[in-house]
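First comes the structure, then the notes that go with it.
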Amino acid sequence: MSSEKIQKTARKYALQNAVQFNGTANPKAVAGKVIAAFKDENISPNEIYQISGSACLEVNKIPIEQQIAELEKLAPELLKKEKKERDFSLPELPDAEKGKVVTRFPPEPNGYLHIGHAKAAIVDYEYAKMYDGKFILRFDDTNPENAQLEFYDVQKEDLRWLSIEWDEEYNTSDHLEKHYKLAEQLIKQEGAYVCKCPSDAIKDGRFHGKECDCRAVSTEKNLDLWKDMISSSVEGVVLRLKGDMKCVNTAMRDPTLFRIIDTPHPLHGDKYRVWPTYDFAGAVEDSLSGVTHPFRTKEYELRDECYFRLLELLELRKPHLMEFARLSIEGMPVSKRKIKPLIDKGMVSGYDDIRLPTLRGLEKRGILPEAIKQFVLSQGISKVESSVTFSLVEAINRKIIDPIAKRYFFVQDPIKLVVENAPAMKKTISLHPTDKKLGSRIIKTDNIFFVPKTDMKKLNIGGIFRLKDLYNVKIKEKNKVIFAEYAGEELIQDSAKIQWTTDNFIKMSVFVPGLLYQKGNYNPNSLEKVEGFAEEAVSRLKTGEIVQFERFGFVRIEKQNNTIMGFFAHK
RNA sequence: GCUCCCGUGGUGUAGUCCGGCCAAUCAUUCCGGCCUUUCGAGCCGGCCACUCGGGUUCGAAUCCCGACGGGAGCACCA
């Protein structure tokens, strides 16, 4: 390699660096770039350092205007600092082949889906799509005490709302016979044993790494015990993996694989009483259903070893396990454990309370599924635990809604305004400031209006403000009623533009959600009810429409037996 | 207690596997300006970060060791 070429490159980067940093190039930074440029050519870094050093010295001597001019000639592409595009697509999957990726979303049908579920479901679904693969919806209903019939459908509805489609759907509980067979196989291989110890003893043994006597029982005896378990002649026994009771990973200390639960199953009634645990069912189902890249949250990481051990013993294919951090949003609890008592005590209205991060709650307050998807994808699949502010979701939602939401007037805390010499008008006002295709409404005005009290407080007698989209008004008297006079239609740049209603208004309440939890404590003031008057056209809106009340915020409309109300999404 | 995982601005994230085109990405928040018949949106600008200490190297956000901090698991829940 000719040193001439190196010199040229060094000059180029020195100029760029200098231009970028007020005319002074930094030799180290320049050398880095030069080295990177000649990476494959086996040049000693020392040599490059020298060349870059002198290049910088020379470049730093000339004034910045000249630097720019020279760079312009030499390498104009380096002049503009190109903006690096950041795409929000998911990173490549390891060992993934187009058309052969299979993912799965395995919820337990025991409640409404929340934003955390949405993250898992969206990631799974998007990966399947990205690789032209298959996405499976699997109900992990292996605990009859938890599974409830209604939630199979509820969760599917929630997924559909997110516009997630699945290629295949099944229940783990439909595969119990297969699980029994595998368990039997495992016992025969001396990979599992029936344990009669009480749960406290098992817990204690696992904690201290002590084996129990059940472990030493013969295979034949174990098989008999297992059959007894299934045929319901024994109580209080479990099937355990013969792991390693001394293993530092406590998950490997003979975890329970099957246990007896006599509660009837919502789908199978009392047909079965022996049920696989998550460790067994999860691993077996992932493998058998052909899943290539199962995702789960990282609190399962220690169970990976158990997952693979089981599959190895059973001689089943091992999928590529992936783990990511749980999604948590500041001030919004996701766990059922936390939400349930709030509902029971009436502190929130239900699973669709607008303060909750359930999909139903988010929907109710006007967050679009597309916003949730973009939000989830922007979070990525790292293992860093973090607590996100909801304003991130709001910002995304706002960008989507703003161009399509119709604008209306809603007057919070209204005060009456009487305008002298008011011309009676029939004014056509458009429903969106830029997109005229969204249409308009016609408002008939006389001399009576209602405007927000807080705005009036800020204005003095003699002050002029504009009834937005209508005309100017000059304040004459401020009392329980504001008296003003008509002050022309011409637009005054710096005057306040204030939303209004005529006396043909509708009363309505808007519910504004706040943080349910603040510093870990329940916030009793987390829901605010704002009363006010809305313009008459609002009464014709339908449930589910998301509009912007000008100078107030985006609101989702809901009608419940003749009363109309709003749920505040965000500013 | 033991083990594992994680540590990039106020917040979230990219980059870490495979050291140099990283004086560190893109958002969001906050602050300022422009624009606007909304306190919204848009546009422009600003603030602000590789947890710390050692090591390896010509060169470390990236590799190694240690400390510190946070989280998780040690269920017959998933």
Side-chain angles (χ1 to χ4, degrees), chain A residues 13 16-17 20-21 26 28-29 31-39 44-49 78 83-88 91 94 106-108 110 140-143 145-146 195 198-199 202-203 206-207 209 236-240 247-253 255-261 275 277-279 281-282 296-305 323 325-326 330 375 378-380 382-389 391-396 398-399 402-403 405 407 409 429 433-434 455 466-470 491-493 495-499 548-554 570-571:
Chain A
Y13 284 122
Q16 183 200 26
N17 195 252
Q20 224 175 93
F21 296 97
N26 178 342
K28 271 189 157 180
K33 292 201 181 198
V34 179
I35 291 171
F38 292 103
K39 212 172 183 175
S44 89
N46 263 328
E47 194 184 333
I48 291 181
Y49 265 109
L78 293 183
K83 280 217 166 175
K84 279 176 201 162
E85 277 291 308
R86 169 82 200 284
D87 64 2
F88 287 101
E108 183 181 34
N110 72 333
D140 260 347
D141 52 354
T142 53
N143 187 342
E145 284 172 356
N146 292 345
C195 183
S199 63
I202 293 178
K203 194 171 175 174
R206 295 190 69 188
F207 194 80
V237 300
V238 296
L239 186 74
R240 293 223 264 163
C247 186
V248 287
N249 182 356
T250 46
M252 290 306 289
R253 321 238 260 231
T256 298
L257 266 22
F258 285 83
R259 78 290 207 203
I260 295 168
I261 299 173
W275 293 91
T277 58
Y278 171 81
D279 278 317
R296 52 186 190 182
T297 47
K298 71 169 191 162
E299 60 262 27
Y300 294 113
E301 263 177 323
L302 295 182
R303 319 278 274 278
D304 288 5
E305 199 179 343
E323 264 123 8
R326 233 195 175 116
E330 230 169 80
F375 167 70
S378 79
Q379 291 305 298
S382 83
K383 291 202 215 170
V384 185
E385 33 336 274
S386 53
S387 189
V388 192
T389 347
S391 61
L392 239 35
V393 180
E394 294 179 354
I396 295 172
R398 188 182 299 124
K399 285 209 174 88
D402 183 70
R407 315 290 148 127
F409 292 150
I429 303 175
T434 52
D455 284 315
R466 186 177 185 85
L467 294 166
K468 188 170 180 285
D469 298 316
L470 195 66
L491 190 62
I492 305 168
Q493 276 300 334
S495 68
K497 285 95 187 174
I498 288 167
Q499 79 275 28
Q548 189 195 49
F549 284 161
E550 292 198 68
R551 308 208 310 139
F552 183 77
F554 292 94
H570 45 75
K571 281 235 150 192

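Reminder, nothing fancy here: chain letters follow the sequence lines and each chain counts from 1. Computed from heavy atoms alone, side chains included, the values below leave out hydrogens, waters and symmetry copies.
As rounded to whole Å, 9 Å separates atom P of B:U36 from atom NZ of A:Lys497. Across the protein-nucleic acid pair, A:Lys28 atom NZ and B:A60 atom C1' stand 11 Å apart, rounded to whole Å. Remark: P of B:A72 and CD of A:Glu301 are 13 Å apart, rounded to the nearest angstrom. Summarising the geometry, the separation between OH on A:Tyr49 and P on B:U57 is reported as 14 Å, rounded to the nearest angstrom. The CD atom of A:Glu385 sits 14 Å away from the C1' atom of B:G12 (whole-angstrom rounding). Residue A:Arg398 contributes atom CZ, which lies 15 Å from atom P of B:A27 at whole-angstrom precision. Atom CG in A:Asp304 sits roughly 14 Å away from atom C1' in B:U3 (whole-Å rounding). The distance between atom CG of A:Asn143 and atom C1' of B:C76, rounded to the nearest whole Å, is 9 Å.
Side-chain atoms of A:Asn110 stay outside donor-acceptor range of the base of B:A78, with no qualifying N/O pair under 3.5 Å. Residue A:Tyr300 places no side-chain atom within donor-acceptor reach of the base of B:A72, judged by atom type and a 3.5 Å distance cut-off alone. Counting distance only, with no hydrogens placed and no angle test, the side-chain atoms of A:Gln548 and the base atoms of B:U38 include a donor-acceptor pair under 3.5 Å.
Taking only side-chain nitrogens and oxygens, A:Ser378 never comes nearer than 4.0 Å to OP1 or OP2 of B:C26. OP1 and OP2 of B:C6 both lie 4.0 Å or more from every side-chain N or O belonging to A:Arg326.
Comparing the P positions of B:C43 and B:U51 gives an interatomic distance of 32 Å, to the nearest angstrom. Taking atom P in both B:U3 and B:G9, one finds a spacing of 29 Å when rounded to whole Å. B:C26 and B:C5 have their C1' atoms separated by 26 Å, with the value rounded to a whole Å. The P atoms of B:C76 and B:C50 are separated by 45 Å, rounded to the nearest whole Å. Taking atom P on both nucleotides, B:G73 is separated from B:U56 by 40 Å, rounded to a whole Å. With P as the reference atom, B:C64 and B:C17 are 9 Å apart, rounded to whole Å. Look at the C1' atom in both B:C74 and B:U29: the space between them is 40 Å, to the nearest Å. As rounded to the nearest Å, B:C52 and B:U11 have P atoms that lie 15 Å from one another.
Within the shown strands, nothing qualifies as a pairing partner of B:C18 under the Watson-Crick or G-U definition with both distances less than 3.5 Å. Judged by Watson-Crick or G-U wobble contacts below 3.5 Å, the nucleotide B:A24 has no partner. Pairing for B:G66 is with B:C52, a Watson-Crick or G-U wobble pair whose two hydrogen-bonding atom distances lie under 3.5 Å. The partner of B:A41 cannot be assigned: no Watson-Crick or G-U wobble pair with both contacts below 3.5 Å exists in any strand. Pair assignment for B:U3 gives B:A72, based on Watson-Crick or G-U wobble hydrogen-bonding distances that are each under 3.5 Å. Pair assignment for B:A78 gives none, since no Watson-Crick or G-U wobble pairing has each distance under 3.5 Å.
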*So A:Arg206 and A:Thr256, side chain to side chain contact (heavy atoms under 4.5 Å, CB included) or not? Walk me through it.*
CA-CA 11 Å; A:Arg206 295 190 69 188; A:Thr256 298; 5.6 Å; no
*Please report the C-alpha distance between A:Arg303 and A:Asp279 in whole Å, then the side-chain angles of each, then the deciding distance to 0.1 Å, and finally whether the side chain to side chain contact (heavy atoms under 4.5 Å, CB included) criterion is met.*
CA-CA 8 Å; A:Arg303 319 278 274 278; A:Asp279 278 317; 3.1 Å; yes
*Given A:Ile202 and A:Val238, is the side chain to side chain contact (heavy atoms under 4.5 Å, CB included) satisfied, shown in steps?*
CA-CA 10 Å; A:Ile202 293 178; A:Val238 296; 4.0 Å; yes
*Carefully, step by step, assess A:Glu394 and A:Thr389 under the rule side chain to side chain contact (heavy atoms under 4.5 Å, CB included).*
CA-CA 9 Å; A:Glu394 294 179 354; A:Thr389 347; over 6 Å; no
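Comparing A:Ala31 and A:Phe207, the nucleotide of RNA chain B nearest to each residue sits closer to the 5' end for A:Phe207. In terms of position along RNA chain B, the nucleotide closest to A:Asp455 lies nearer the 5' end than the nucleotide closest to the other residue of the pair A:Asp455 and A:Asp141.
For the pairing with A:Arg326, the side chain to side chain contact (heavy atoms under 4.5 Å, CB included) check across A:Glu385, A:Lys383, A:Glu299 returns one residue only, A:Glu299. The only option from A:Lys571, A:Arg407, A:Arg398 that meets the side chain to side chain contact (heavy atoms under 4.5 Å, CB included) definition with A:Gln548 turns out to be A:Arg407.
Aromatic ring orientation, A:Tyr300 versus A:Tyr278: parallel (interplanar angle below 30°, classes split at 30° and 60°).
Checking B:G12, B:A75, B:A78 against every side-chain atom of A:Leu392, the shortest atom distance belongs to B:G12.
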